[in-house]
Amino acid sequence: MKSKILSALSRISLVLCLAVCLSGTCFAAEATEATTDTNQENYTTNMDSEGMTKNDNTDDITDSSKASNDNTTTVEELEKQEENEEVLPVSAKWYYQQLGELEKVVYDGFEENREDLMDGETVYVTLQDYDSQSFTDEFKRLIITAQRAYLADNPADKIWMDNCKLFLCVRNGSTELKVKPEGEFDTRGATEEFEEKANEFLETLSGTDYQKLIAIHDWLMSNVKYDLEGENRGNAYGAIVEGRSVCSGFAYSFKYLADKAGLNVIYVQGYYHNANTDTYGYHAWNMAEINGEWYLIDVTFDTSLQSTRLFRWHNQGDHYPDSCFTYPT
């Protein structure tokens, strides 16, 4: 019976991967005409045409032949550099490590341009080796998968990503992903407000990793209400600043706070099985590592039940992650 359930969920997950469209984000293809004798490029869509100023985002890469020949770095200096290097938890870029080449290009594009996107600037991510003939559902699915991976690894960035739309376009013969912020919501100000509120709580954390996880869990449970109506219900701003959220906002917030506390936590989305009705519903939760064991933490459900539940991952039987990624065992 369980194998049949898992098989059915795999099929549902495949449909999800093909159809998922994150809140506030849409996908469209743009056909473009690029001029060669002007600094302006005309973008023609099925809706309107835009005049965009060409933006050359080339990097200044130092020629290795011009690098300094000074090899006098001491052992003491090297040791100091190693001490200053940040030791990342296993969960850092958990999803990035599972991506293919194209997906990593998209993920890196979000990461490298996050400051501009947060400020409302349109950016372009060049998709090398892919031409306009690649505008297929599978091609778009890979880009959405990269977006999902990026947000799962970088939960605070859902605040500005909810304000963006994605387009595939051709510009000067190159296939590019256009990321265009829309609306008047101040995502820079919202992110700073969110970080300030989160830091106020983080300063109160102390104790063991387990105690910190429980403190994060209980703080969210006490300060956030489940709400289907809030404009930012799907991101961490809605949860931590506005105090209203759905499951994704709870889970993104838990991941963000745990990351800042140096804890090993990942964001998970998939399905929850309601045994009373024998139905499955789309859901998001977290997994946390404690002393080498991975536990399921579902703040959303615990908020409804007003309880604290931590299950060893391999013993749970009602949460099913989708099949787009792999998870700790």
Side-chain angles (χ1 to χ4, degrees), residues 22-25 86 88-89 91-95 107 110-121 123 147-165 179-205 212-269 284-286 288 297-300 302-303:
L22 295 172
S23 176
T25 304
E86 183 181 4
L88 299 175
S91 58
K93 289 199 170 183
W94 177 270
Y95 293 99
Y107 185 117
F110 291 141
E111 189 168 54
E112 292 165 4
N113 293 284
R114 70 180 301 274
E115 295 297 322
D116 289 339
L117 290 165
M118 200 182 304
D119 287 332
E121 297 183 25
V123 304
Q147 184 187 40
R148 286 184 53 197
Y150 179 78
L151 294 175
D153 286 340
N154 303 274
D157 288 357
K158 183 71 158 56
I159 297 171
W160 57 258
M161 188 72 81
D162 276 352
N163 201 49
C164 295
K165 289 187 177 180
V179 188
K180 182 181 180 181
E182 295 191 346
E184 298 181 357
F185 184 61
D186 179 10
T187 54
R188 167 71 68 181
T191 299
E192 291 175 351
E193 184 181 6
F194 157 78
E195 291 174 345
E196 182 179 356
K197 185 73 177 288
N199 287 336
E200 289 176 1
F201 164 70
L202 289 166
E203 290 175 357
T204 69
L205 286 181
K212 291 176 181 177
L213 285 169
I214 295 300
I216 295 171
H217 171 285
D218 291 351
W219 185 79
L220 289 172
M221 194 170 70
S222 299
N223 290 278
V224 186
K225 294 182 179 179
Y226 188 86
D227 188 346
L228 291 169
E229 303 299 327
E231 186 174 345
N232 294 290
R233 61 189 178 276
N235 61 50
Y237 180 86
I240 290 181
V241 177
E242 298 177 337
R244 297 181 296 168
S245 181
V246 294
C247 59
S248 57
F250 277 102
Y252 280 127
S253 298
F254 192 93
K255 163 70 174 170
Y256 176 85
L257 294 171
D259 283 351
K260 292 298 182 181
L263 304 173
N264 208 12
V265 169
I266 65 172
Y267 172 96
V268 184
Q269 63 185 48
W285 63 94
N286 298 98
I297 299 179
D298 190 334
V299 186
T300 305
D302 290 351
T303 298

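- D153 is listed as a side-chain neighbour of W94, based on a closest heavy-atom distance under 4.5 Å.
- Judged purely by atom type and a 3.5 angstrom limit, S248 uses its side chain to pair as donor or acceptor with the backbone of G234.
- Aromatic rings from F194 and Y256 are positioned such that their centres are separated by under 6.0 Å.
- Contact of the I297 side chain with the W285 side chain is not registered, since no non-hydrogen atoms from C-beta on lie closer than 4.5 Å.
- Between Y267 and N286, the side chains place no donor N or O within less than 3.5 Å of an acceptor N or O (distance only, hydrogens not considered).
- Here the closest non-hydrogen pair linking A198 and L257 is CB-CD2, 3.8 Å.
- The main-chain N or O of V265 is found under 3.5 Å from a side-chain atom of K255 such that the two form a donor-acceptor pair.
- Checking Y107 against N154 by side-chain atom types alone, a donor-acceptor pair falls below 3.5 Å.
- Rounded to the nearest 0.5 angstrom, F185 CZ and E231 CD are separated by 7.0 Å.
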(message) Before you tell me yes or no, could you show the steps for L263 and I216 under side-chain contact (heavy atoms from CB on, under 4.5 Å), namely the whole-Å CA-CA distance, both residues' side-chain angles and the distance that decides it to 0.1 Å?
(response) CA-CA 11 Å; L263 304 173; I216 295 171; 4.0 Å; yes
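- Contact record, A284 with C247: N-SG, 3.5 Å, taken as the closest heavy-atom pair.
- We find the NZ-CZ distance between K225 and F250 to be 11.0 Å, quoted to the nearest 0.5 Å.
- Residues D119 and R188 are paired through a salt bridge, judged by an N-O separation under 4.0 Å between the basic side chain and the carboxylate.
- Annotation: the span from L117 atom CG to D157 atom CG amounts to 9.0 Å, rounded to 0.5 Å.
- Here the rule is side chain to side chain donor-acceptor pair (under 3.5 Å) with Y237, and of E193, E242, E195 only E193 fits it.
- The structure places CZ of R148 at 12.0 Å from NZ of K158, a figure rounded to the nearest 0.5 Å.
- No side-chain heavy atom of N113 sits under 4.5 Å from any side-chain heavy atom of V179.
- When all heavy atoms of S245 and N235 are compared, the pair lying nearest together is OG-O, 4.5 Å.
- To the nearest 0.5 Å, the span separating NE2 on H217 from CG on D302 amounts to 3.5 Å.
- For the pair W219 and I240, the minimum side-chain heavy-atom distance is below 4.5 Å.
- To the nearest 0.5 angstrom, Y95 atom OH is 11.5 Å from L151 atom CG.
- Not a single donor-acceptor pair under 3.5 Å links the side chain of T187 to the backbone N or O of I159.
- Looking only at side-chain heavy atoms (C-beta outward), E121 and K180 stay at 4.5 Å or farther from each other.
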